[in-house]
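First the structure, in the form of structure tokens, and then the observations on it.
All of these numbers come straight from a predicted model, not from anything done at the bench.
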Amino acid sequence: MPLAMNRDVFITCAVTGAGDTVSKSSHVPITPKQIAESAIDAAKAGAAVVHCHVRDPETGAASRRDDLYREVTDRIRSADVDVVLNLTAGMGGDLIFGDVESPLPLNPKGTDMAGATERVSHIAECLPEICTLDCGTMNFNLGDYVMTNTPAMLRAMAKKMTDLGVRPEIEAFDTGHLWFAKQLAEEGLIEDPVLIQLCMGIPWGAPDDLNTFMAMVNNVPPSWTFSAFSIGRNAMAYPAAAVLAGGNVRVGLEDNLFVGKGQLATNAQLVEKAVQVVEGMGARIIGPDDVRKKLKLTKR
């Protein structure tokens, strides 16, 4: 399909993630207070949406605790800046096999498997405007880790999100994930307007070269809204690629720790850099109210 640049762009900031980044940068927020403050700073820098995970305040490890999500949510909602809240629902599908000769029993260190109701319990508790739905299973990065999201699990989670009035953001790591997202829409489990996040460069999903990226873009129905990001060294090139391809932008410390070579970033600095890129291309940054109108979100 021909390129159709997006002229009205919203920026999502992925504030902290679940990966082992805490040891690599002191800017990665850990406690609910730090996560909320970093999200608020990102909003002030130009992010219309903040995407939040939570971490164990003592260890920095990824967590699914409802009380931590509640504190982050309350702190952001009580802030003096408006922003669309997007909580992850990607936790609870982590499968770590034993080793290549003895894959079973599973390795209890890192394995975290939960049912559909438990995986969205914090969504039901906090009722964010958006929550993520990782739309498939894949070998994820190194070792024996598999991110598991079966068709039955995805159908159940999608229905729960829709019934709660929370807009799912479909996270697609490969073209097959987009294929299944279309199936969810056809079955009425996700409703218009559909929101897609194209997740590029995560081993071993879709690589972030432009040919693969455009294959992903070309599999997004024209009526759907998409954003895109890449991790690591190409993260700050992807705002330009996403806008040129007709999409929106995601940056943040979940995806990339650097604002320049050897320069550790804050979330606000990454958003500021993305704003410069988008506006330098001749597009405008839209705010949370415009995002709500575009995606028919329910502000709470």
Mind checking whether [X] and [Y] have side chains closer than 4.5 Å, heavy atoms only?
X    : Y    : value
V166 : P128 : yes
N107 : D144 : no
S38  : Q34  : no
M113 : T148 : yes
I231 : P203 : yes
C135 : L184 : yes

Geometric class of the F173/F140 ring pair [parallel <30°, tilted 30-60°, perpendicular >60°]: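 Plane angle over 60°, so perpendicular.
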
NZ/NE/NH1/NH2 to OD/OE distance under 4.0 Å, K299 and D82: yes

D163 with K159: basic N within carboxylate O range, under 4.0 Å: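 Looking at D163 and K159, the cut-off is met.
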
Results of side chain to side chain donor-acceptor pair (under 3.5 Å) for E191 - residues two or more places apart only: none

K182 NZ: over 12 foreign heavy atoms closer than 6.0 Å: yes

Pairs meeting criterion salt bridge (Lys or Arg N to Asp or Glu O under 4.0 Å) with involvement of residues 27-53, two or more places apart: K33-E37, K44-D80

Could you tell me whether the side chain of [X] and the main chain of [Y] form a donor-acceptor pair under 3.5 Å?
X    : Y    : result
T111 : L95  : no
R55  : G60  : yes
Q197 : A228 : yes

Distance-only side-chain donor-acceptor flag, N234 / D208, under 3.5 Å: yes

Residue pair R292, D289: steps toward the salt bridge (charged side-chain N to carboxylate O under 4.0 Å, His left out) verdict: CA-CA 5 Å; R292 291 187 182 102; D289 281 340; 3.1 Å; yes

Residue pair F229, Y238: steps toward the ring-ring contact (aromatic ring centres under 6.0 Å, His included) verdict: CA-CA 6 Å; F229 71 93; Y238 251 73; 8.4 Å; no

V220 with I202, same ILVMFWY side-chain cluster at under 4.5 Å: no

Nearest heavy atoms of N248 and S227, plus distance in Å: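 Shortest heavy-atom contact: CB-OG, 3.1 Å.
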
